[in-house]
Amino acid sequence: MKGTLMQIPFFDLKGQYAEYKAEALQVIGEVCESQMFCLGPYVAKFEEKIRDYCGCKYAIGVSSGTDALLLSLMALEIGAGDEVITTPFTFFATAASVARVGAKPVFADADEDSYNIDPARIEEKVTEKTRAIIPVHLFGQTAQMKPVMEIAGRHGLAVIEDGAQALGATQNGIKCGNFGDLVCFSFYPTKNLGAFGDAGLVTTNNGELAEKVRLLRVHGENPRYIHRMIGGNFRMDNIQGAVLSVKLKHLDGWNEKRRGNAVIYDGIFAGSPVKAPVTEPNNFSIYNLYTIRAPERDGLREYLTENGVGCGVFYPKPLHLQECFTELGYKAGDFPVAERLCSEVLSLPIYPELRLEQIEHVAKTVLRFYE
Ligand SMILES: *Cc1c(COP(=O)(O)O)cnc(C)c1O
């Protein structure tokens, strides 16, 4: 049987490249002819398109999702002596950005079902020093924003959403990019809308904050060589703006395919030893990842790999237990849900180009492990 082993990679970006290749190469060619590489007309055009897509007032193209977080914290003037509440079950950049501006990340445990920050755990973490909350919309589903905004309102806190994995998701029919003061997106190639390299975005409905983010993006400079703030180089490449404009037209179609793939998995996993991801009733998930909870996760992971099925663990270690955060003083047991998730989660291939028989093969290989 070895020779007939079906190989299914965890990501396959080459599959969709064919769909938009001609148009992408065309616009890349135009950028090359213009020799305008850092910001430029394609970035400006993309900002308009993505602003309309999100249905928000302002969209600012930046250098990465990580830089979007950093810029948002800088725009809110969060720094030394301040605390920012976020989840320990997320990608490193969320909490690292808080530390990078000199503030202290304070964690609040995750929710068992949605994997997102548990709003019921946030308020107990608020102190005199708290300045902001950063909910993360993990795997494609928006964290529950109504309670988050209520807590923020009661205590006068800012809200920065980490929407890196949730472009196109909605909650109560409202597009991700509109709830908090600032919303951060990533166009890392494996996100649902991926650039040809690094790129990111900040959206906001607050004109003053938009202006500040724009200024901080270019060393706080306006006009040329007059620096009104200390910012940095957070510019988006013109080439990325061009490619992203081309790909944005496909995003909703790709997201629909991901959702269809999730339905197929859900059906096969119903009543099985693995737990399919739970989408909350007011959420429309765009499944950046399809993340199950699996008994004997590490064994299953090895079994899938041996059988040619790609998979990944997002995330294997909660942030409060990361070596670089030892100074924060957390210990194992502090966030039991996040810790449990880290030992049980496994993400399966979910990209739009998967064929039905491939999805069935992945799911059946998972279930065969438990026979
Ligand atoms: C990808 C990601 C980021 C960082 O985005 P980059 O563009 O890779 O810098 C931040 N937060 C979350 C939740 C992410 O998934």
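Both counts, for ligands and for their atoms, begin at 1 and track the order of listing.
Comparing Ser64, Ala164, Gly163 against atom 12 (C) of ligand 1, the shortest heavy-atom distance belongs to Ala164. Counting heavy atoms only, Asp162 comes closest to atom 10 (C) of ligand 1 of the residues Ile134, Asp162, Leu70, Leu201.
Residue, atom and distance of the protein heavy atom nearest to atom 15 (O) of ligand 1 are Gln165 NE2, 2.7 Å. Nearest protein heavy-atom neighbour of atom 3 (C) of ligand 1: Phe91 CD2, 3.5 Å.
By the 30° and 60° cut-offs, the orientation of the rings of Phe369 relative to Tyr303 is tilted.
In this structure, the side chains of Gln144 and Gln171 come closer than 4.5 Å at one or more pairs of heavy atoms. In this structure the side chain of Glu280 reaches within 4.5 angstrom of the side chain of Asp111, judged on heavy atoms.
For residues 31-63, the pairs satisfying ring pair (Phe, Tyr, Trp, His ring centres under 6.0 Å) are Phe46-Phe187, with sequence neighbours left out.
The N/O atoms of Ser186, backbone and side chain alike, include one that comes under 3.5 Å of an N/O atom in ligand 1. For a threshold of 3.5 Å applied to N or O pairs, the pair formed by Lys191 and ligand 1 contains at least one separation below that value.
If you look at Thr66 next to ligand 1, the close heavy atoms, those under 4.0 Å, come from the backbone and the side chain alike. Contacts between Val136 and ligand 1 below 4.0 angstrom, taking non-hydrogen atoms only, involve the side chain exclusively.
In this structure a side-chain-to-backbone donor-acceptor pair under 3.5 Å is missing from Thr86 to Ala95. A donor-acceptor contact shorter than 3.5 Å links the side chain of Asn238 to the backbone of Met36.
In this structure, Lys125 does not pair ionically with Glu83, as no charged nitrogen and carboxylate oxygen lie closer than 4.0 Å.
Residue His137 places no heavy atom under 4.0 Å from ligand 1.
Near Gly65, meaning under 4.0 Å from any of its heavy atoms, are these atoms of ligand 1: 5 (O), 6 (P), 7 (O), 9 (O).
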